[in-house]
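Down below is the structure, laid out as structure tokens.
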Protein chains: 2
Amino acid sequence: MAKRVRGSRTGRPIMALLDLLGRRWVLRIVWELREQPKRFRELQDLIGASPTIVNGRLGELRLARLVELDPDSGYRLTALGKELLRLFLPLHVWSEKWAKALD
Amino acid sequence: MAKRVRGSRTGRPIMALLDLLGRRWVLRIVWELREQPKRFRELQDLIGASPTIVNGRLGELRLARLVELDPDSGYRLTALGKELLRLFLPLHVWSEKWAKALD
DNA sequence: GAGTTTACTACATAAACTGTAGCGTGTCCC
DNA sequence: GGGACACGCTACAGTTTATGTAGTAAACTC
């Protein structure tokens with residue numbers, strides 16, 4: 001069986017994924033890594049969360065093989081992480097429409 | 001300016017959206033509503049969270065116009081919510097691939 | 001009017017997050 | 001060698017947020 005990332009009581013991958021992504025700062029971290037790798041402190045300053053939690057989330061994302069640490073450049077998305085990001089890119093455009101609808 | 005859903009300190013819709021979705025149970029609730037409307041208790045039982053938090057999240061989702069309560073059938077996605085869900089559907093397939101990669 | 005079903009709330013306990021300070025390692029420079 | 005710096009990361013007290021159980025109030029059913 002696949003490594004459980006967390007909370008996948010059901011064992012269904014979609015639930016594990018929703019659980020992983022549905023935790024504070026995780027989506028945001030993936031988003032901030034969309035273009036270039038970022039250093040720990042840089043990431044922390046960008047998102048404005050405590051180092052404790054940034055470190056914790058990066059650990060979970062590394063376990064999930066979505067993020068990796070390259071000593072030379074910093075934290076970056078893995079191939080798997082980039083695939084996931086690609087699925088999320090349409091959100092950017094949609095969010096603008098959504099914001100207008102909320103007016 | 002658009003109603004802030006929360007934490008959109010920047011005013012950028014994508015950040016507000018990532019913040020809304022990146023809170024425990026929110027993605028899961030949207031996911032559970034993907035097919036039919038669900039009653040409050042039904043939803044609560046399905047996801048296994050406390051009524052306090054289910055109610056709180058539903059309130060936020062209603063403010064964000066992604067979910068609405070139809071007295072006859074229960075909580076359901078709005079047109080906007082369905083659009084968002086459509087963007088998320090590819091996650092289902094991808095999550096299977098991801099789970100295999102974690103083996 | 002007693003029993004059900006509904007959405008939702010109160011509240012004490014437990015878990016998670018924050019903010020600040022600081023550790024340990026490596027590297028560069030004199 | 002020794003000082004300054006950048007790096008990832010950790011400790012910990014204080015605050016915020018979530019949990020779990022119980023229960024409320026309104027609408028319907030018989």
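Chain naming here is simple, since letters A, B, ... match the order of the sequence lines and numbering starts at 1 in each.
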Open item on the list: Could you work out, with salt bridge (charged side-chain N to carboxylate O under 4.0 Å, His left out) as the rule, every residue matching B:E68, not counting sequence neighbours?
Closed with: B:R76
Task: Spacing between B:E60 atom CD and D:dT17 atom P, to the nearest angstrom - done: 10 Å
Task: Protein-nucleotide distance (A:E68, atom CD; D:dG8, atom P), rounded to Å - done: 15 Å
TODO: Apply ring pair (Phe, Tyr, Trp, His ring centres under 6.0 Å) to B:F88 and list each qualifying residue two or more places apart in sequence or on a separate chain.
DONE: A:F88
Task: Contact under 4.0 Å: A:N55 side-chain N or O vs D:dG8 OP1/OP2 - done: no
Show each protein N/O and nucleotides 17-26 of chain C N/O combination with a separation under 3.5 Å, one pair to a line.
{"from": "C:dC17", "atom 1": "OP1", "to": "A:R57", "atom 2": "NH2", "distance (Å)": "2.4"}
{"from": "C:dC17", "atom 1": "OP2", "to": "A:R57", "atom 2": "NH2", "distance (Å)": "3.4"}
{"from": "C:dT18", "atom 1": "OP1", "to": "A:W25", "atom 2": "NE1", "distance (Å)": "3.4"}
{"from": "C:dT18", "atom 1": "OP2", "to": "A:W25", "atom 2": "NE1", "distance (Å)": "3.4"}
{"from": "C:dG19", "atom 1": "O6", "to": "A:T52", "atom 2": "OG1", "distance (Å)": "3.0"}

- [ ] Could you check how far CG of A:D70 sits from C1' of D:dC7, rounded to whole Å?
- [x] 13 Å
Task: Distance, rounded to the nearest Å, where B:F40 contributes CZ and D:dG23 contributes P - done: 18 Å
- [ ] To the nearest Å, give me how far apart CG (A:L58) and P (D:dT10) are.
- [x] 11 Å
Open item on the list: Rounding to an integer number of Å, can you tell me how far A:L61 CG sits from D:dG8 P?
Closed with: 16 Å
Open item on the list: Is any side-chain heavy atom of B:L43 closer than 4.5 Å to one of B:L33?
Closed with: yes
Side chains of residues 79-86 of chain A: which donor-acceptor pairs under 3.5 Å do they make with residues two or more places apart or in other chains?
{"from": "A:E83", "atom 1": "OE1", "to": "B:W94", "atom 2": "NE1", "distance (Å)": "2.7"}
{"from": "A:E83", "atom 1": "OE1", "to": "B:K97", "atom 2": "NZ", "distance (Å)": "3.1"}
{"from": "A:E83", "atom 1": "OE2", "to": "B:K97", "atom 2": "NZ", "distance (Å)": "2.9"}

TODO: Hey, could you give me each pair passing side chain to side chain donor-acceptor pair (under 3.5 Å) that has a residue in residues 38-54 of chain B? Not counting sequence neighbours.
DONE: B:Q36-B:K38
- [ ] With sequence neighbours left out, write down each residue that passes side-chain hydrogen bond (donor to acceptor under 3.5 Å, both in side chains) with B:S73, or none if nothing qualifies.
- [x] B:D70
